[in-house]
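Per chain, numbering begins at 1; letters A, B, ... match sequence-line order. Note that the structure is a prediction, hence the values are computed from the model and not measured.
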There are 2 protein chains.
Amino acid sequence: MYNSVMDHEATPRRRVRDPEAHRTAILEAARAAFAERGYARATIRDIARRAGITHGLVMRHFGSKEQLFIAAMPGPKDLEELMPGPASTLPERIARAFIERMDRADGNDPFIALIRSAASDEPTVAGLYSAMRERSAAAYRTVVTGPDAEERIDLLASQLIGITFSRYVIGSGPLADMDSERLIEFLSASLRAVLQGPEP
Amino acid sequence: MYNSVMDHEATPRRRVRDPEAHRTAILEAARAAFAERGYARATIRDIARRAGITHGLVMRHFGSKEQLFIAAMPGPKDLEELMPGPASTLPERIARAFIERMDRADGNDPFIALIRSAASDEPTVAGLYSAMRERSAAAYRTVVTGPDAEERIDLLASQLIGITFSRYVIGSGPLADMDSERLIEFLSASLRAVLQGPEP
DNA sequence: GTTACTAATGACCAACCGTTCATTACCTTT
DNA sequence: AAAGGTAATGAACGGTTGGTCATTAGTAAC
């Protein structure tokens, strides 16, 4: 009477006792679920289903949905990989590092999962963008000079954010289908314009 | 026993009979709620509370949450305003039209509300970006020529998307604080680089 | 074979959601 | 003043969610 939904299966589930394997399976399933549905719409029951276990076990391993999200998502290290430190030939290096890393990432990549999750949850999206911007600033502050350096760096980050959504979040259309090398060329030209500033 | 949540108030609510005023109040409240919490997390009860009426009345006026969302959000006209048709001096006109329109918009602007909603809901974000891209293509296809015109247009759209998130969704940091005129100059230079393509 | 430990299960709960609908109160028309 | 129409209310419902917990079943040690 209380719960009209079947929360059980017809035949009792065969028990597999393997906590470590289950833990990693949950993390993988969580990344996929958060990426597909976003944090708010992803459910623990769905994550458990993907991992081939019950939702009670997910709670046992990670305590709460939020702790599971934190455990599944990447830390600052991944951002460092995306935007490596100062380089002499700036635009090309920045463009190449970003595009090549993102193009290589598969569906289970934690950074891709974070970006897709961010598209569905407000606190997450704010955190992601501030992280990307802060990382851009930390990486390029020493090589981007001038009185408006901070603004140029922010414009740089905004370009990366725009590419990210068009190519990796939506995942279809001309930009998504574009060859990596040509995209890097275009992005380099565009970043150079931003870093050099508006010249007549 | 069935519903443990209080769905009523202690003293009966004083009834105000004004369907038109209520309708517009609901639409305003809906834009605010969707912008703040995203489509999925926004609730009809909260929208009704903001509008000063009951959630039953929201259902009466708009039938369902989805229909309310559609009614509250802007149509293609707003995108036309954001990205006007072909112009001779492309980058400057594109940059100016976009930035000036967005900077002018207040918190209740339907387009701002749509963008903020998109940051919290997956179907919405996909719809928004495809709309922005299609509008970019329709607006600039006749003036952007060459074999890779579609890709350049898509890159243009991605830059607008990136600026949108950094400046208008997050709303803080160097790019958000930047003077409109300087931003237009920077964006023009960046768009020119994309539209002209990578030249050595 | 028995015991002890704990991984794993699944029934249950409280809260909240969108939606429905009988009831009520306001306003206009007679 | 009575009636009719309908704007507005709020109780109820079915469904889903994150979280709890008593029970069960694998497994290793003795």
Is the phosphate of C:dA8, meaning OP1 or OP2, less than 4.0 Å from a side-chain N or O of A:H22?
yes
Enter the distance from A:D46:CG to A:R41:CZ here, rounded to the nearest 0.5 Å.
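Rounded to the nearest 0.5 Å, the CG-CZ separation comes out at 12.5 Å.
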Does the side chain to side chain contact (heavy atoms under 4.5 Å, CB included) test come out yes or no for B:D148 and A:M178, once each step is laid out?
CA-CA 10 Å; B:D148 49 7; A:M178 204 170 174; over 6 Å; no
Distance under 6.0 Å and angle within 45° of ring axis: A:K65 vs A:Y39:
yes
Closest-nucleotide 5' rank along DNA chain C - winner of B:I44 and B:V16
B:I44
Between the base of D:dG18 and the side chain of A:R45, is there a donor and acceptor pair under 3.5 angstrom?
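Yes.
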For the base of C:dG10, is there a side-chain donor-acceptor partner from A:H55 under 3.5 Å away?
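Per atom types, no contact qualifies.
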Base, sugar-phosphate, or nothing for B:A42, non-hydrogen atoms under 4.0 angstrom?
sugar-phosphate
The criterion is side-chain contact (heavy atoms from CB on, under 4.5 Å); which residues satisfy it with B:A71, sequence neighbours excluded?
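B:A71 satisfies side-chain contact (heavy atoms from CB on, under 4.5 Å) with B:L27, B:F62 once adjacent residues are dropped.
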Taking only the side-chain heavy atoms of A:R15 (C-beta and beyond), determine which of C:dG18, D:dT23, D:dG18 contains the nearest atom.
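Within the option list, the nearest is D:dT23.
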Quick one, A:L155 with B:S190, criterion side chain to side chain contact (heavy atoms under 4.5 Å, CB included). Give me CA distance, side-chain angles, the key distance, then yes/no.
CA-CA 10 Å; A:L155 275 159; B:S190 182; over 6 Å; no
Rounding to a whole Å, what distance do you find between [X]:[atom1] and [N]:[atom2]?
X: B:L57; N: C:dT20; atom1: CG; atom2: C1'; value: 15 Å
X: B:R60; N: C:dA22; atom1: CZ; atom2: C1'; value: 13 Å
X: B:L68; N: C:dT19; atom1: CG; atom2: C1'; value: 14 Å
X: B:R49; N: C:dC16; atom1: CZ; atom2: C1'; value: 11 Å

Quick one: which protein N/O atoms are closer than 3.5 Å to N/O atoms of nucleotides 27-29 of chain D? Pair and distance per line, please.
none

Among all residues two or more places apart in sequence or in another chain, which pass the salt bridge (charged side-chain N to carboxylate O under 4.0 Å, His left out) test with B:R17?
none
